[in-house]
Amino acid sequence: MKKLMLGNEAVARGLYEGGCGLISSYPGTPSTEITELAAKYDEIYCEWAPNEKVAMEVAFGAALAGQRSACVMKHVGLNVAADPLFTISYTGINAGMVICVADDPGMHSSQNEQDSRHYAASAKLPMLEPADSEEARQFAKYAFQLSEEYDTPVFLKLCTRISHSQSIVVLGQREEAPLRPYEKDIAKYVMVPGNARPRHPIVEARTQRLQAFAETTDLNREEMGEDTSIGIITSSTSYQYAREVFGPKVSVLKLGMVNPLPQQKILDFAAKVDKVIVLEELDPVIEDHCRALGLTVVGKEKLPLVGEFSQGLVAQKLRETSKPWTELGEKIPPRPPVLCAGCPHRGLFYTLAKHKATVLGDIGCYTLAAYEPLYAIETCECMGASVSSIHGFNKARGQESESKTVAVLGDSTFMHSGMTGLANIAYNQSNSTVVILDNSTTGMTGHQQNPTTGKNLRGDPAGQIDLETLCRAMGIRRVRVVDPYDLKATDAVVTEELAAPEPSVIITRRPCVLLKSVEKHPPYQVEPDKCKGCKMCMRIGCPAISWKEKEKKAVIDPTQCVGCGVCDQLCKFDAFLHEG
């Protein structure tokens, strides 16, 4: 049976067909759908873990127990999971374990463009990289066999284009993998120095065996064409660009296993062509490998080190006969992302901007408050960094900054990496104010559950963490809860907590307006006769409110307005009429 599938859906199918019994993940674009779609298979237990480190350790625990398992994350999530990653490489596994990681060239939804192939090389783990949805299914399924044969976790690396593009997939049957027996083995799994030292040579020997495997596996294949004037060495989505730009006659060495890379196979391919081009996104991993083998190749001197490739870019950079870029006659106006109409975070950020507070931000949709007209967020590094950073910021600048600096992060981000930073504030006593934006979901990645929502991945009732009780238990005595739609109350709480002589936490609690369970109110409309054109309502940056230059009046789009009432609270002339 054939089916058109997203790459992420195909990975989920491959994990299912490979006999996977457990998947633990933290959502992160472009990887999120793998776990969500795998959860539709009753044979696989799926969960959202608090963060990627926990997810990887859960998957390892299941593999240790004898069940095939997987964990899924985006590239920056792999940073969080790096601690167990490098040690699990030493211990090996019992049942197969697959680590799915999705990179984001072009930074469509990420704060950097890192290349996860470096992790595979550094941790000395095999990495497979599919070039379409069918390969995503095949490679995910095959990764379990490879994992068990070589006693190692196996990376499955995707990128945004593979994760979110569709192609034909040939569905296979699930291959049940019986639970392997667990046997106590202290020398293998207890990585104290005396046990870890003899494990390192085992890792090196495994790498040599995998190197030999890379020379013969069908994962790496030659596609010799009529034209041998050039030969292209490539992988992943770059393979598709090579075929589209150069056609079927060009000779290609397509690499499906990108760590360890073959040596003799590359040398043999290079000997059959006049010139070698290495086509790969981001870092010159394959290119450096080829140069180390003594080959002269064309690569990053013509192709960029940054950004996502495209057919047009590859044609422009590598084909002398390529047509120039087509220029549009008019410039397309920029459309920067904004907080949604009715977003519960808008009231808080308006209040912080009014206070001229220094706001140390975090990873989440609320980071959009950095854009105009709010300009309310000044930093964004990684999950949980706001809480740790405000402690250092206030320790460095003292009382001067304590009364006007806040850290802001979401409820899911707080559970992911914010708790340890708050523990540091409580323990080492900086007078810092932390704002937790509790919108009852993990909003940025599409409304996933988290430990504060009371539901698990499948929507079933689950243990629910009480944020107020947790913060108090961590040593924070001042914990305030406020509805961010109520601007007066929000302003009062922010004023009081910034002035407080001790650490404090403000929880702004209002569900994400896009949740299906949230009741929408009738939209507002502007009464033109009452509107004085003061533009006060424009300061909150609500996309439902626009400005009519000719009339010098504000106007509300009823198709976007959800009736939150924040604009009404700002208007001194009662120009906003609620239809309800």
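Reckoned from all heavy atoms, side chains included, excluding hydrogens, waters and symmetry mates.
- Under the 3.5 Å distance criterion, with hydrogens and angles disregarded, a donor-acceptor pair is assigned to the side chains of Asn79 and Tyr119.
- Side chains of His108 and Glu308: a donor-acceptor N/O pair is present below 3.5 angstrom, by distance only.
- Looking at Ile277 and Leu318, their side chains come closer than 4.5 Å, going by heavy atoms from C-beta outward.
- A donor-acceptor distance shorter than 3.5 angstrom exists from the side chain of Asn220 to the backbone of Gly256, with no hydrogens or angles considered.
- Counting heavy atoms from C-beta on, the side chains of Leu282 and Glu113 come closer than 4.5 Å.
- In this structure, a donor-acceptor pair under 3.5 Å is absent between the side chains of Gln311 and Gln240.
- A salt bridge (Lys or Arg N to Asp or Glu O under 4.0 Å) with Arg117 is found for one member of Glu287, Glu281, Glu280, Glu129 and no other, namely Glu280.
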Would you check, one step at a time, whether the test side chain to side chain contact (heavy atoms under 4.5 Å, CB included) holds for Leu156 with Val154?
CA-CA 7 Å; Leu156 182 71; Val154 174; over 6 Å; no
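- At distances below 3.5 Å, at least one donor-acceptor pair connects side-chain atoms of Thr234 with backbone N or O atoms of Leu279.
- Residues Asp132 and Ser167 have side chains that never bring a donor and an acceptor to within less than 3.5 angstrom of each other.
- Residues Ile232 and Val250 form a side-chain contact, since some pair of their non-hydrogen atoms from C-beta on lies under 4.5 Å apart.
- A salt bridge between Arg243 and Glu223 is present, with a side-chain N of the basic residue lying under 4.0 Å from a carboxylate O of the acidic one.
- Residues passing the side chain to side chain donor-acceptor pair (under 3.5 Å) test with Glu33, sequence neighbours excluded: Asn8, His164.
- Using a cut-off of 4.0 Å between Lys/Arg side-chain N and Asp/Glu carboxylate O, Lys188 and Asp151 are scored as salt-bridged.
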Go through the steps for Lys254 and Glu222 under the test salt bridge (Lys or Arg N to Asp or Glu O under 4.0 Å), then give the verdict.
CA-CA 6 Å; Lys254 182 196 173 297; Glu222 277 189 5; over 6 Å; no
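- Under the 3.5 Å distance criterion, with hydrogens and angles disregarded, a donor-acceptor pair is assigned to the side chains of Tyr26 and Ser412.
- Side chain of Asn195 to backbone of Val190: a donor-acceptor contact under 3.5 angstrom is found.
- The one candidate from Leu158, Ile34, Asp104 that meets the side chain to side chain contact (heavy atoms under 4.5 Å, CB included) condition with Ser163 is Leu158.
- Remark: the backbone N or O of Lys265 is paired with a side-chain donor or acceptor of Glu215 at under 3.5 angstrom.
- Scored by the side chain to side chain donor-acceptor pair (under 3.5 Å) test, Asp185 finds no partners at all (sequence neighbours excluded).
- The ring of Tyr16 has its center closer than 6.0 angstrom to the ring center of Tyr41.
- Of the possible polar contacts, none joining the Thr217 side chain to the Phe213 backbone as a donor-acceptor pair under 3.5 Å is found.
- The backbone N or O of Pro105 lies less than 3.5 Å from no partner atom in the side chain of His75, so there is not a single donor-acceptor pair.
- A donor-acceptor contact shorter than 3.5 Å is absent between the side chain of Gln316 and the backbone of Val314.
- Side-chain contact check for Lys74 and Ser110: at least one donor-acceptor pair (N or O, by modelled atom type) lies under 3.5 Å.
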For Arg221 and Glu135: C-alpha separation, side-chain torsions, deciding distance, then whether salt bridge (Lys or Arg N to Asp or Glu O under 4.0 Å) applies.
CA-CA 13 Å; Arg221 66 175 186 264; Glu135 283 194 350; 3.2 Å; yes
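- When all heavy atoms of Ile44 and Cys20 are compared, the pair lying nearest together is CG1-O, 3.3 Å.
- There is a side-chain donor-acceptor pair under 3.5 Å between Arg206 and Ser89.
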Set out, in order, the CA-CA distance, both residues' side-chain angles and the distance that settles side chain to side chain contact (heavy atoms under 4.5 Å, CB included) for Leu125 and Leu85, then state yes or no.
CA-CA 9 Å; Leu125 295 175; Leu85 173 72; 3.5 Å; yes
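- Side-chain atoms of Thr413 and Tyr366 form a donor-acceptor pair, as typed in the model, at a separation below 3.5 Å.
- A donor and an acceptor atom, one from each side chain of Gln138 and Glu134, are located under 3.5 Å apart.
- For the pair Thr367 (side chain) and Gly364 (backbone), a donor-acceptor distance under 3.5 Å is present.
- Side-chain atoms of Arg137 come within 3.5 Å of backbone atoms of Val170 as a donor-acceptor pair (strictly under, hydrogens ignored).
- Side chain to side chain, Thr207 and Glu204 fail the donor-acceptor criterion of an N or O pair below 3.5 Å.
- Heavy atoms of other residues, nucleotides or ligands lying less than 6.0 angstrom from OH of Tyr371 number 12 at most.
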Kindly indicate, with the supporting measurements, whether the criterion side chain to side chain contact (heavy atoms under 4.5 Å, CB included) is fulfilled by Ile168 and Ser133.
CA-CA 7 Å; Ile168 296 294; Ser133 296; over 6 Å; no
Any chance you could lay out the side chain to side chain contact (heavy atoms under 4.5 Å, CB included) test for Glu9 and Lys3, step after step, and finish with the verdict?
CA-CA 11 Å; Glu9 184 180 7; Lys3 185 179 179 182; 3.4 Å; yes
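- A side-chain donor-acceptor contact under 3.5 Å links Ser69 to the backbone of Ala59.
- For the residue pair Tyr90/His200, the side-chain donor-acceptor check at 3.5 Å is satisfied.
- Between Asp103 and Gln114 the shortest heavy-atom distance is OD2-O, 3.4 Å.
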